[in-house]
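Quick note: numbers below take in every heavy atom, side chains included, and nothing from hydrogens, waters or symmetry partners. This structure is a prediction, so every number in the text was calculated from the model and none was measured.
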Amino acid sequence: MEDGKSTVRAVDRALDILLCFTSKTDWAMTEIAEHVGLHKSTVHRMLATLEEKGFIERDRSTDRYHLGLKMWELSANLSRSDDQATIWLPEMERLRDRLGETVSIYVRDGSERIRMQAVQSNQPVRRVAPVGARLPLYAGASSKVLIAYSDPLVQESIFGDPAWLYSIDLDQYKQQLEEVCLQGYATSFEERETGAAALSAPIFNRTGKMTAALSVSGPASRLTMETMREYAPVMMESAKRMGTMIL
């Protein structure tokens, strides 16, 4: 019986910590401890578990915590009018109708990227993009965007993954990332999937932080490199509008 009470108490404390993030987006550990009325050592253990499970992430440059991407995966089955994935849908649909291809939103989770929202192309031959799918970071236009605009410490962590050693030429890849930052968008042509191409642009929130990658993808026969260069200004303008919708 006592073990059951202890388990319930631990869950209750973990939920109290998560609920802190309803009032502001990031917290220091000492702030959380004071807010929920728990000892710092207890909060530290709780945060470590939540971080391990992906519900909380720690910014290693500031040592502050924010909600993790596991929350997005949980919310994929919710229908809310105030989350980013829903807020961005009208703009994504406009972009799909203008370019005629599948439009997706990606966010980074460790050494992977997650498709958090998608609007499918209406064309008979198209790329189908399931929401919630996890994809490797070492291939694809949106991967380049997510890495190119990340903190240098984050980049080092990503490149330290052994999987990269067997997948790409890292020096060449880093040159591509420099080009992405210069031109403001990234392209990929049959990098991850034969016959597929993609164009991606970063979405920056109103504080200037990159929060996601906007991507349009389709058959390489339609999305040629020339076509993607023509579409790039349209993509970047859509990404800019989407960024003004979030804090």
Give every donor-acceptor pair under 3.5 Å between a side-chain atom in residues 33-45 and any protein atom, sequence neighbours left out.
{"unit_1": "His39", "atom_1": "ND1", "unit_2": "Ser41", "atom_2": "N", "d": "3.1"}
{"unit_1": "His39", "atom_1": "ND1", "unit_2": "Ser41", "atom_2": "OG", "d": "2.9"}

**Study point:** Any residue meeting side-chain contact (heavy atoms from CB on, under 4.5 Å) with Ala133, in chain and number order, not counting sequence neighbours
**Key:** Arg115, Pro130

Exercise for review: Any salt bridge (Lys or Arg N to Asp or Glu O under 4.0 Å) involving residues 10-20? Give me the pairs, sequence neighbours left out, ordered by first then second residue.
Suggested key: none

Practice item. May I have the step-by-step check of side-chain hydrogen bond (donor to acceptor under 3.5 Å, both in side chains) for Gln155 and Ser150, ending in yes or no? Key: CA-CA 6 Å; Gln155 291 183 1; Ser150 292; 5.7 Å; no

Review point. Between Lys240 and Glu237, is there a salt bridge with N-O shorter than 4.0 Å?
Key: no

Review point. For residues Arg113 and Ser142, is any side-chain donor paired with an opposing acceptor at under 3.5 Å?
Key: yes

Review point. Taking side chain as C-beta onward, heavy atoms only, is Thr187 less than 4.5 Å from Arg229?
Key: no

Check your understanding: Who are the salt bridge (charged side-chain N to carboxylate O under 4.0 Å, His left out) partners of Arg64, not counting sequence neighbours?
Key -> Asp26, Glu31

Check your understanding: In Å and rounded to the nearest 0.5 Å, what is the CE to CG distance from Met210 to Leu146?
Key -> 5.0 Å

Point to revise | Residue that, paired with Phe55, satisfies side chain to side chain contact (heavy atoms under 4.5 Å, CB included) out of Glu52, Glu57, Glu51, Lys53 | key: Lys53

**Study point:** ring pair (Phe, Tyr, Trp, His ring centres under 6.0 Å) pairs, two or more places apart, involving residues 197-228
**Key:** Tyr149-Phe204

Review point. Pick one: which of Met92, Arg98, Glu101, Arg96 meets side chain to side chain contact (heavy atoms under 4.5 Å, CB included) with Val216?
Key: Glu101

Revision key, fill the gap. Sorted by chain and number, sequence neighbours left out, salt bridge (charged side-chain N to carboxylate O under 4.0 Å, His left out) with Asp63 holds for Arg58

Check your understanding: Taking C-beta and beyond as the side chain, do Ser238 and Leu214 meet within less than 4.5 Å on heavy atoms?
Key -> yes

Review point. Among all residues two or more places apart in sequence or in another chain, which pass the side-chain hydrogen bond (donor to acceptor under 3.5 Å, both in side chains) test with Thr224?
Key: Thr227

Exercise for review: Just jot down the side-chain contact (heavy atoms from CB on, under 4.5 Å) partners of Glu112, sequence neighbours excluded, or say none.
Suggested key: Arg134

Check your understanding: Which residues satisfy the side-chain hydrogen bond (donor to acceptor under 3.5 Å, both in side chains) test with Arg60, sequence neighbours excluded?
Key -> none

**Study point:** Sequence neighbours excluded - ring pair (Phe, Tyr, Trp, His ring centres under 6.0 Å) pairs with any residue from residues 215-245
**Key:** none

Side-chain donor-acceptor pairs under 3.5 Å in residues 175-186, sequence neighbours left out?
{"unit_1": "Gln176", "atom_1": "OE1", "unit_2": "Lys144", "atom_2": "NZ", "d": "3.0"}
{"unit_1": "Gln183", "atom_1": "NE2", "unit_2": "Tyr185", "atom_2": "O", "d": "3.0"}

Exercise for review: Output the distance between atom CG (Leu223) and atom OG (Ser188), rounded to the nearest 0.5 Å.
Suggested key: 9.0 Å

Practice item. Not counting sequence neighbours, which residues clear side-chain contact (heavy atoms from CB on, under 4.5 Å) with Pro233? List them please. Key: none

